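Remember, it's a predicted structure, so these values are computed and weren't measured experimentally. Numbers for residues simply follow the sequence, beginning at 1.
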Amino acid sequence: MKNTSKHEGLRNQLAKLLEDKGIKDKKVLEAIKKIPRHLFLDSSFEDFAYLDKAFPIGAEQTISQPYTVAFQSQLLAIKKGEKILEIGTGSGYQTAVLCLLGATVYTIERQTELFKKTKLLLPKLGINPKHLSFGDGYKGLPNHAPFDSIIVTAGAPVIPKPLMAQLKIGGKLVIPIGEKIQIMTMLIRKNETQFEKHEFGNFKFVPLLENKN
């Protein structure tokens, strides 16, 4: 698993590009500089690793565009030790960013192939989420709730109610909402029944699939 000075240079270039595109959170940019994104892709696709583009990773899923990962991470404004639920582990790249930001990460993946692959990869890179599970992201992880924040890395037609219920008062849910094109949406829980909604423009994600046993 090579991680060379060339890779480091490419990461620095990518972080600069993301900063130019509006990512201002220094901690997020530092995480982008540190995480070897090429190791989350098949080695034959290494040349694509530091482009600001999404890329297929198998099971009809993608590793998200770095700008999208940085944008969602910046919205969360993570404080060290916060308990974060990630819906859609995928390649594990976003998981790695959350861990480097100091979060205590609980993550869930519904594709067996990706779950098995990522479960092996993350520890090899020294990245250790608190809990990595296989299951239906729509349901969240009620046994581990409540969470300081929840991040969804797939497009959902509606906001899953179980996820709203698993958020602490004052917590944030960052989720792309829509069918073909999604609007990045953030809900902040104000009290038991009220949520404040913010929207941040259009993004494109693979769909969030439901009802996986």
Side-chain angles (χ1 to χ4, degrees), residues 17-18 21-25 28 32 37 40 48 51-78 84-95 97-98 103 105-111 113-115 118 133-142 145 147-168 170-190 193-212:
L17 174 65
L18 299 183
K21 289 176 85 167
I23 302 300
K24 300 300 179 205
D25 189 318
V28 171
I32 297 291
R37 190 172 186 259
F40 292 84
F48 297 92
L51 299 178
D52 189 25
K53 291 182 177 175
F55 204 78
I57 53 169
E60 297 182 357
Q61 303 299 299
T62 60
I63 182 171
S64 289
Q65 179 184 354
Y67 175 76
T68 304
V69 171
F71 190 87
Q72 286 192 286
S73 301
Q74 181 169 270
L75 283 181
L76 291 175
I78 291 166
I84 309 291
L85 172 61
E86 178 191 30
I87 306 299
T89 316
S91 69
Y93 181 68
Q94 174 74 76
T95 317
V97 171
L98 296 173
V105 181
Y106 293 72
T107 182
I108 184 165
E109 174 55 53
R110 75 178 302 280
Q111 302 286 353
E113 174 192 340
L114 295 180
F115 171 72
T118 303
S133 66
F134 173 69
D136 183 356
Y138 257 83
K139 295 173 184 169
L141 290 173
F147 297 96
D148 291 298
S149 291
I150 299 173
I151 177 173
V152 180
T153 64
V158 295
I159 299 173
K161 286 197 166 53
L163 299 186
M164 294 168 71
Q166 289 171 40
L167 208 54
K168 280 185 183 173
K172 298 173 183 170
L173 168 61
V174 173
I175 179 170
I177 297 295
E179 301 280 356
K180 291 185 179 173
I181 298 287
Q182 291 82 36
I183 295 172
M184 190 67 74
T185 305
M186 180 167 73
L187 292 187
I188 301 172
R189 187 166 200 173
K190 306 309 280 182
T193 57
Q194 290 179 306
F195 292 80
E196 185 180 291
K197 184 178 179 183
H198 302 266
E199 293 182 341
F200 298 92
N202 293 347
F203 287 77
K204 193 160 176 49
F205 284 78
V206 293
L208 180 66
L209 302 172
E210 194 176 3
N211 296 332
K212 180 76 180 177

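- To the nearest 0.5 Å, atoms CD (Gln166) and CG (Leu141) are separated by 6.5 Å.
- Ile150 approaches Leu163 most closely through the heavy-atom pair CD1-O, 3.3 Å.
- For Phe115, the ring pair (Phe, Tyr, Trp, His ring centres under 6.0 Å) partners two or more places apart in sequence, or in a different chain, are Phe134.
- With rounding to the nearest 0.5 angstrom, the CD1 atom of Ile151 is 5.0 Å from the CG atom of Leu76.
- Pairing each heavy atom of Met184 with each of Gln72, the nearest pair is CE-CG, 3.5 Å.
- Side-chain contact annotation: Glu86 with Thr95, donor-acceptor N/O pair under 3.5 Å present.
- Under 4.0 Å is where a charged nitrogen must lie from a carboxylate oxygen, and between Lys168 and Asp148 at least one such pair does.
- Interatomic distance, Ile188 CD1 to Leu167 CG, rounded to the nearest 0.5 Å: 9.5 Å.
- Under a 3.5 Å cut-off, the side chain of Thr153 and the backbone N or O of Gly88 do form a donor-acceptor pair.
- For the residue pair Phe205 and Ser64, the shortest heavy atom distance occurs at CE2-OG, 4.3 Å.
- A donor atom on one side chain and an acceptor atom on the other are not found under 3.5 Å apart for Glu109 and Ser133.
- In this structure, Leu75 and Lys172 have side chains that are not in contact, with every pair of non-hydrogen atoms separated by 4.5 Å or more.
- In this structure, the side chains of Pro176 and Val152 come closer than 4.5 Å at one or more pairs of heavy atoms.
- Counting heavy atoms from C-beta on, the side chains of Val28 and Ile23 come closer than 4.5 Å.
- Among all heavy-atom pairs drawn from Ala165 and Arg189, the shortest one is O-NH1, 3.3 Å.
- When side chains are defined from C-beta on, Gln182 does not count as touching Asn202, because their heavy atoms never get closer than 4.5 Å.
- Classification of the Phe203-Phe71 ring pair by plane angle, with boundaries at 30° and 60°, yields tilted.
- Counting only heavy atoms from C-beta outward, the side chains of Val158 and Ile177 never approach each other to under 4.5 Å.
- One finds the OG atom of Ser73 at 6.0 Å from the CD1 atom of Ile78 (value rounded to the nearest 0.5 Å).
- The minimum heavy-atom distance between Gln65 and Lys21, with the atom names listed, is NE2-NZ, 3.7 Å.
- Taking the side chain as every heavy atom from C-beta outward, Leu85 and Thr107 never approach each other to under 4.5 Å.
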Inset, instruction - Please report the C-alpha distance between Arg37 and Ile63 in whole Å, then the side-chain angles of each, then the deciding distance to 0.1 Å, and finally whether the side-chain contact (heavy atoms from CB on, under 4.5 Å) criterion is met. - result: CA-CA 9 Å; Arg37 190 172 186 259; Ile63 182 171; 3.7 Å; yes
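- Side-chain contact between Gln111 and Thr89 is absent, with no heavy atoms from C-beta onward closer than 4.5 Å.
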Inset, instruction - Tell me, with the steps shown, if Thr68 and Gln94 meet side-chain hydrogen bond (donor to acceptor under 3.5 Å, both in side chains). - result: CA-CA 10 Å; Thr68 304; Gln94 174 74 76; over 6 Å; no
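- A donor-acceptor pair is defined here as one N or O able to donate and one able to accept, closer than 3.5 Å; no such pair exists between the side chain of Gln74 and the backbone of Ala70.
- When side chains are defined from C-beta on, Val174 does not count as touching Thr185, because their heavy atoms never get closer than 4.5 Å.
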Inset, instruction - Using the side-chain contact (heavy atoms from CB on, under 4.5 Å) rule, take Ile57 and Phe40 through it: C-alpha gap first, then chi angles, then the decisive distance, then the call. - result: CA-CA 8 Å; Ile57 53 169; Phe40 292 84; over 6 Å; no
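- Considering every non-hydrogen atom in both Gly92 and Thr118, the closest pair reads CA-CG2, 3.7 Å.
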Inset, instruction - Begin from the C-alpha positions of Leu173 and Met164 and carry the test side-chain contact (heavy atoms from CB on, under 4.5 Å) through to its verdict. - result: CA-CA 7 Å; Leu173 168 61; Met164 294 168 71; 4.2 Å; yes
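- In Lys180, the NZ atom is not crowded: 12 or fewer heavy atoms of neighbouring residues, nucleotides or ligands sit closer than 6.0 Å.
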